Asker: 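Pasting a structure below so you can have a look.
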Protein chains: 2
Amino acid sequence: MKRKMTIQEIARLAGVSKATVSRVLNNRGGVSPETRRKVEEVIRLYSYTPNLVARGLSLKRTSSIGLIVAHTAERLSSHLFFIEFLRGISAILDERGFRLIVATAESEDRYETSCRSMAEGGVVDGVVVLGVRRNDKRLRYFLRAGIPVVTVGRPIGFPRVDYVDVDNAGGARVATEYLLRLGHGEILFINGPREHTASLAREKGYRAAFRALRREVDEGLIVYGDFSFESGYETVRGFLARGKAPSAVFAASDLAAMGAITAFKEAGIRVGHEVSVIGFDDIPYAHFFDPPLTTVRQPIYEMGKEAGRILLLRLEGDTGSERLHKTFPTQLIVRESTIRS
Amino acid sequence: MKRKMTIQEIARLAGVSKATVSRVLNNRGGVSPETRRKVEEVIRLYSYTPNLVARGLSLKRTSSIGLIVAHTAERLSSHLFFIEFLRGISAILDERGFRLIVATAESEDRYETSCRSMAEGGVVDGVVVLGVRRNDKRLRYFLRAGIPVVTVGRPIGFPRVDYVDVDNAGGARVATEYLLRLGHGEILFINGPREHTASLAREKGYRAAFRALRREVDEGLIVYGDFSFESGYETVRGFLARGKAPSAVFAASDLAAMGAITAFKEAGIRVGHEVSVIGFDDIPYAHFFDPPLTTVRQPIYEMGKEAGRILLLRLEGDTGSERLHKTFPTQLIVRESTIRS
DNA sequence: ACTTTGCTTGAAACCGGTTACAGCAAGGAG
DNA sequence: CTCCTTGCTGTAACCGGTTTCAAGCAAAGT
């Protein structure tokens with residue numbers, strides 16, 4: 001454990017001033033070639049690296065951005081979303097020398113303090129907020145502190161905040177139309193939570209599909225869940241118990257779709273033969289499932305990358321005041337859980 | 001976007017000096033009750049929060065710790081491990097007001113720079129290293145820089161580095177014995193990569209089970225994979241193609257077990273009826289699988305928590321020079337992929 | 001020979017906190 | 001009434017960088 005070198009010591013050893021060392025470190029001009037060489041020599045010799053905290057204080061930017069996760073104890077589907085997203089954003093940040101600070105919290109009040117300290121402590125230059133809600137309190141902290149924000153999902157109530165999103169309505173519509181075209185008249189729609197913006201958009205898509213094919217929506221077939229396996233499982237069990245077996249299910253998450261399929265299986269109904277089920281997300285397990293799941297793929301990794309790109313663009317400041325955003329298309333991945341009716 | 005307050009301005013507004021404000025902020029003694037009240041009043045009024053970067057520079061600690069992930073583009077099994085682990089460690093760090101910086105990298109050389117800057121830039125007080133290998137280069141950086149390290153998995157070659165681990169040998173032994181006791185004579189062992197320490201320990205456990213029951217190990221039944229679905233799938237396909245259908249499989253990961261099961265299914269062999277398969281990990285999908293997977297559970301969340309605890313203990317400094325470590329027990333979770341032979 | 005120009009360099013201020021130390025007032029002991 | 005605590009507070013140095021500004025100096029221009 002060598003003691004940590006400072007710029008001052010390097011300067012002394014190279015026989016120059018701190019200012020010159022700083023110029024060399026940051027490739028500023030105005031240093032003679034020989035001085036530069038000499039300083040670089042000393043830096044290499046002592047394998048000096050500048051203290052990033054001190055640099056951060058001086059520059060008022062830290063080259064790190066925060067990733068604000070809704071709740072640590074979130075559901076599995078969120079986990080898989082999270083990990084893919086993380087990979088995407090890391091790829092970009094890493095490339096540009098930025099660090100990623102992940103903020104999570106077990107409880108609601110801890111969450112607040114965690115957000116506040118991140119917003120006001122000057123430890124991050126910008127943040128990406130996952131699982132944004134209507135009039136999200138968290139956003140206010142960051143905006144008030146003047147920290148650039150990119151949300152994942154359209155931030156309703158914040159018309160100027162940058163975001164990345166996925167075409168939820170379009171994806172849901174394509175999936176629903178696919179089922180309708182397969183000849184399924186009644187499609188049970190197991191949606192996410194009512195307050196979730198994504199849920200609303202997906203419901204819109206579901207209805208649009210019926211409208212496009214001039215069919216009536218049976219309101220009794222729209223059910224709100226929470227994206228979980230259990231919500232799919234219980235919903236289908238409930239329908240089967242009441243003797244109302246739907247011929248097709250469109251679930252707003254792959255997990256819920258898997259739950260639905262499991263319920264059908266237990267009732268001896270073969271999915272992909274007698275009934276069709278479509279999920280949403282295309283989580284990595286979707287194609288290992290039995291039957292392999294037909295689903296609507298979200299390009300989560302790409303969304304992570306794009307969120308990172310937008311944030312960095314903002315940080316570099318060469319953007320106008322126009323809102324930056326990108327909505328990604330979805331893709332229907334047809335596997336074996338769907339069949340012509 | 002209000003301009004950010006500094007301690008100086010608060011001091012001026014409260015009619016005291018920076019030092020006094022600092023004392024109030026940190027609950028130091030030696031401040032009269034009325035002064036304290038006055039300062040707190042001003043702080044609240046302007047909802048001032050101290051700049052954590054400046055504090056970090058002054059204190060030479062930043063209250064943030066790094067989580068070093070092997071590679072971003074790792075396999076799915078690692079992902080699920082990662083997310084659970086992250087939840088665990090976050091729970092602890094969060095409780096103690098620490099931030100988590102996640103270091104990942106797409107390529108090997110970026111990875112190096114990322115580690116180095118984290119080790120030497122003074123941005124983290126300590127690190128947790130995931131997926132540690134023999135004589136891991138990364139550890140050297142951190143140790144050289146005097147940064148406390150906790151590894152996940154026993155760090156071979158570093159006898160003084162703290163770690164958390166799971167009883168890989170014990171878990172593998174229990175699983176293997178369970179299969180042997182079910183009457184399976186030949187157990188195909190689809191292990192992880194040879195160089196992985198966990199793989200070695202699991203193989204040891206596999207052999208120990210045979211020895212305990214006075215049976216011979218058939219060396220041809222020990223195969224090295226990479227924990228992936230594909231490695232399980234291909235291995236079983238290979239065996240079936242050569243007409244050597246094993247009656248039981250023990251896979252070193254749930255993913256590999258699922259791959260094996262899929263291969264059996266495709267060959268028309270019913271797992272949980274004709275053959276038995278046991279996995280390792282107990283990933284969240286294990287019980288949704290068809291058949292629900294018998295597996296060896298690792299307490300990943302708890303391991304995350306413990307890693308955090310150990311690291312914080314180290315940072316508080318009130319520990320001796322003794323190595324801190326904890327090895328967690330595994331638990332055999334019997335579901336429906338195993339059957340008496 | 002004297003000014004101008006341009007390049008290189010260092011001194012010093014600054015970023016926003018923490019803390020050692022000294023000063024000062026009030027209260028108690030002798 | 002003096003001396004000594006004791007408690008509160010402010011001054012100033014420090015953490016380790018960046019950056020402004022002025023100065024030094026050599027080459028070029030007049």
Side-chain angles (χ1 to χ4, degrees), chain A residues 2-40 42-43 46 48-64 97 117 119-125 145-146, chain B residues 2-40 42-43 46 48-64 97 117 119-125 145-146:
Chain A
K2 288 195 294 223
R3 217 177 58 54
K4 190 77 178 72
M5 280 280 178
T6 69
I7 199 172
Q8 185 61 267
E9 294 170 292
I10 295 296
R12 198 173 42 73
L13 289 163
V16 297
S17 73
K18 296 201 307 180
T20 300
V21 178
S22 176
R23 283 189 271 260
V24 171
L25 281 173
N26 299 291
N27 283 315
R28 294 252 175 294
V31 180
S32 76
E34 59 206 312
T35 307
R36 178 177 296 274
R37 237 189 353 81
K38 192 174 50 181
V39 172
E40 279 169 347
V42 176
I43 287 176
Y46 292 87
Y48 163 76
T49 37
N51 180 316
L52 299 175
V53 177
R55 175 178 282 174
L57 177 59
S58 188
L59 294 178
K60 292 164 170 296
R61 48 190 166 76
T62 57
S63 288
S64 49
S117 87
E120 295 160 15
V123 288
V124 294
D125 299 344
Chain B
K2 289 195 295 223
R3 217 179 56 56
K4 190 77 177 75
M5 280 281 178
T6 69
I7 198 172
Q8 185 60 269
E9 294 169 294
I10 296 297
R12 196 173 42 74
L13 289 163
V16 298
S17 72
K18 297 202 307 180
T20 301
V21 177
S22 177
R23 281 188 273 259
V24 170
L25 281 173
N26 299 292
N27 283 314
R28 293 252 176 294
V31 179
S32 76
E34 59 205 312
T35 308
R36 178 177 296 275
R37 234 186 358 79
K38 192 173 51 181
V39 173
E40 279 169 346
V42 175
I43 287 177
Y46 292 87
Y48 162 77
T49 37
N51 180 316
L52 298 176
V53 177
R55 175 179 282 174
L57 177 59
S58 188
L59 295 178
K60 291 162 169 299
R61 49 191 166 75
T62 57
S63 287
S64 50
S117 87
E120 295 160 14
V123 288
V124 294
D125 298 344

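These figures come from a predicted structure and were not determined experimentally. The analysis underlying the following values was restricted to heavy atoms, covering all of them including side chains, and did not include hydrogens, waters or symmetry mates. Reminder, nothing fancy here: chain letters follow the sequence lines and each chain counts from 1.
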Asker: Toward the 5' end of DNA chain D, which comes first, B:Thr35 or B:Ala54, by nearest nucleotide?
Answerer: B:Thr35
Asker: Provide, to the nearest angstrom, the distance between the NZ atom belonging to B:Lys60 and the C1' atom belonging to C:dT18.
Answerer: 12 Å
Asker: Under 4.0 Å, counting only non-hydrogen atoms across every strand here, what does B:Gly15 touch: a base, just sugar-phosphate, or nothing?
Answerer: sugar-phosphate
Asker: Using atom CZ of A:Arg61 as one end and atom P of C:dC14 as the other, report the distance to the nearest whole Å.
Answerer: 20 Å
Asker: Kindly give the heavy-atom pair with the smallest separation between A:Gln8 and A:Lys18, and that separation in Å.
Answerer: NE2-CD, 3.4 Å
Asker: Does B:Val53 reach a base, just sugar-phosphate, or nothing at all? Heavy atoms under 4.0 Å.
Answerer: nothing
Asker: Please find the pair of heavy atoms, one from A:Leu57 and one from B:Ala54, that lie closest to each other, and give the distance.
Answerer: CD1-CB, 3.6 Å
Asker: Please tell me which of B:Gly30 and A:Pro50 maps to the more 5' nucleotide of DNA chain D, matching each residue to the nucleotide holding its nearest heavy atom.
Answerer: B:Gly30
Asker: Measuring to OP1 and OP2 of C:dG10, would you say a side-chain N or O of A:Thr20 lies under 4.0 angstrom away?
Answerer: yes
Asker: Roughly how many Å is it from CZ in A:Arg37 to P in C:dT8, rounded to a whole number?
Answerer: 15 Å
Asker: When we call it a touch if two heavy atoms are under 4.0 Å apart, what does B:Ser22 touch: a base, just sugar-phosphate, or nothing?
Answerer: base
Asker: Grab the two heavy atoms, one from A:Glu9 and one from A:Lys4, that are nearest each other, plus how far apart they are.
Answerer: OE1-O, 3.8 Å
Asker: At a heavy-atom distance below 4.0 Å, which nucleotide of DNA chain D is the first touched by chain B, and which is the last?
Answerer: D:dC8 to D:dG16
Asker: Where do A:Tyr48 and A:Thr6 come nearest, in terms of heavy atoms and distance?
Answerer: CE1-C, 3.8 Å
Asker: Under 4.5 Å between any side-chain heavy atoms of A:Val21 and A:Val16, yes or no?
Answerer: yes
Asker: Taking NZ from B:Lys18 and P from C:dG17, how many angstroms apart are they, rounded to a whole number?
Answerer: 8 Å
Asker: Just the rounded figure in Å: distance from P of C:dT8 to CD of A:Glu34.
Answerer: 10 Å
Asker: Do B:Arg55 and B:Asn26 have side chains that get closer than 4.5 Å, going by heavy atoms?
Answerer: yes
Asker: Can you tell me how far C1' of C:dT9 sits from CZ of A:Arg28, to the nearest Å?
Answerer: 16 Å
Asker: Choosing from C:dA20, C:dT9, C:dG17, which nucleotide comes nearest the side chain of B:Arg23?
Answerer: C:dA20
Asker: Rounded to the nearest Å, what distance is computed from the CG atom of residue B:Leu57 to the C1' atom of nucleotide C:dT19?
Answerer: 14 Å
Asker: When all nucleic acid strands are considered with a 4.0 Å heavy-atom cut-off, which category describes A:Val31: base, sugar-phosphate, or nothing?
Answerer: sugar-phosphate
Asker: Quick check: closest heavy atoms across B:Val24 and B:Glu40, and the distance to 0.1 Å?
Answerer: CG1-CG, 3.8 Å
